[in-house]
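See structure below.
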Amino acid sequence: LFCCNSMLYGYSVLYGVEAAVNLFYQMPEHDDVSWSTMISLSSQHGYGSKALNMFVEMWNQGFMPNSMTYASVIRACTGLYDLDWGCHLYARILRMQSSLDAYTGNALIDMYAKLGLLDSARRVFDSLTEHNVVSWTSLISGNVQFGCIEQAVALFNQMKKAPLFPDAITVSTVLGGCTSYKEITLGMQLHGYTVKTGADSLTTVGNALITMYGKVGDVCSAETQFDLMPIKDIISWTAVITALSQNSD
RNA sequence: UACCGUUGCCG
């Protein structure tokens with residue numbers, strides 16, 4: 001059983017999730033680990049309804065989901081835009097585990113944020129005893145995506161006062177907001193912040209900066225940023241080419 | 001053994 005559990009993950013990497021599912025059903029017996037592994041693999045690879053079905057099956061057979069299992073199923077709900085199931089899981093977690101932890105809490109924040117229920121996302125956020133960089137970024141991302149850029153920035157500034165630092169993903173998220181809403185003044189302030197912290201040399205952050213300058217027609221800054229970057233990936237190249245082509249002279 | 005957030009283009 002132990003060997004099979006390790007093989008489930010290996011199978012999904014080598015042959016795809018379907019192969020892992022087949023292996024799973026060929027196993028003579030299952031335990032919480034096998035179930036949880038399959039559920040997280042399924043939700044990670046976009047097989048959301050498969051993940052939900054397996055969760056029900058697992059539950060009916062009397063196995064105990066842990067917070068990572070719950071987080072995986074919530075992620076599945078997020079991908080399926082299945083708010084009913086998500087709320088149901090929320091209630092069930094509170095019933096079974098009495099409180100949210102970092103995994104379930106962040107998964108719920110992400111779910112509400114992606115579905116545009118920013119107030120609910122905020123309530124979950126506030127109910128957590130501890131916030132990590134993912135909690136903050138998920139909430140910020142929701143506000144960016146649903147047009148509350150000023151609220152996103154307010155959160156970002158609040159976060160800088162918290163005992164943890166925004167990472168590359170947090171900064172890229174806010175920069176993405178500046179791009180969408182053409183908030184160039186704000187974007188340039190953020191650019192200054194990234195230079196100060198050295199974050200501008202990180203590929204994700206640099207990519208977001210290239211895109212932002214390209215979008216507002218500042219090809220020169222876009223190119224400069226591109227040239228400054230020590231590590232360029234496929235996104236850097238696409239972003240700079242897009243910037244150049246959309247501002248052709 | 002597995003959890004959650006991000007940046008370009010195309011679909």
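Residue numbers start from 1 in every chain, and the chains themselves are labelled A, B, ... in the order their sequence lines are given, proteins ahead of strands.
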Hey, is the side chain of [X] pairing donor to acceptor with the base of [N] inside 3.5 Å?
X       : N      : value
T137(A) : rG5(B) : yes
T37(A)  : rU1(B) : yes
D110(A) : rC4(B) : no

Between the protein and nucleotides 8-11 of chain B, are there any N/O to N/O pairs under 3.5 Å, and if so, what are the atom names and distances?
from	atom 1	to	atom 2	distance (Å)
rG8(B)	N2	T238(A)	OG1	3.3

Whole Å only: how far is the [atom1] atom of [X] from the [atom2] atom of [N]?
X       : N      : atom1 : atom2 : value
R122(A) : rG5(B) : CZ    : P     : 20 Å
F125(A) : rC4(B) : CZ    : P     : 19 Å
Y112(A) : rG5(B) : OH    : P     : 17 Å
M7(A)   : rU1(B) : CE    : P     : 15 Å
Q145(A) : rU7(B) : CD    : P     : 9 Å
D167(A) : rU7(B) : CG    : P     : 13 Å
M38(A)  : rC3(B) : CE    : C1'   : 16 Å
L175(A) : rU6(B) : CG    : C1'   : 10 Å

Quick test of your reading: applying ring pair (Phe, Tyr, Trp, His ring centres under 6.0 Å), list the pairs with at least one residue in residues 160-211 of chain A, sequence neighbours left out, ordered by first then second residue.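 Of all non-adjacent pairs touching residues 160-211 of chain A, those that pass ring pair (Phe, Tyr, Trp, His ring centres under 6.0 Å) are F156(A)-Y193(A), H191(A)-Y213(A).
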Write out all pairs satisfying ring pair (Phe, Tyr, Trp, His ring centres under 6.0 Å) with one or both partners inside residues 220-244 of chain A, taking only residues at least two apart or from two chains. F226(A)-W237(A)
Do any side-chain nitrogens or oxygens of R75(A) fall under 4.0 Å of OP1 or OP2 in rC4(B)? yes
Any side chain to side chain donor-acceptor pair (under 3.5 Å) pairs touching residues 64-76 of chain A, not counting sequence neighbours?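 Output for this query lists S36(A)-T69(A), N66(A)-T69(A), S67(A)-D101(A).
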Which part of the nucleic acid does [X] contact within heavy-atom distance under 4.0 Å: base, sugar-phosphate only, or nothing?
X       : answer
K215(A) : nothing
N66(A)  : base
V205(A) : nothing

Could you please name the option among [options] that lies closest to any side-chain atom of [X]?
X       : options                : result
V33(A)  : rG5(B), rU1(B), rC3(B) : rU1(B)
T170(A) : rC3(B), rU7(B), rG5(B) : rG5(B)
Y9(A)   : rU6(B), rU1(B), rC3(B) : rU1(B)

Output yes when R123(A) and D119(A) qualify as a salt bridge under the 4.0 Å nitrogen-oxygen rule, no when they do not. no
Identify, with sequence neighbours excluded, every residue that meets ring pair (Phe, Tyr, Trp, His ring centres under 6.0 Å) alongside Y90(A). none
Going by atom types only, do S236(A) and D233(A) share a side-chain donor-acceptor pair under 3.5 Å? yes
Nearest atoms (heavy-atom pairs only) where D31(A) meets F63(A):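 Scanning both residues completely, I find the closest heavy atoms to be CA-CE2, 3.7 Å.
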Restricting to side chain to side chain donor-acceptor pair (under 3.5 Å), what partner residues turn up for Q158(A), sequence neighbours left out? none
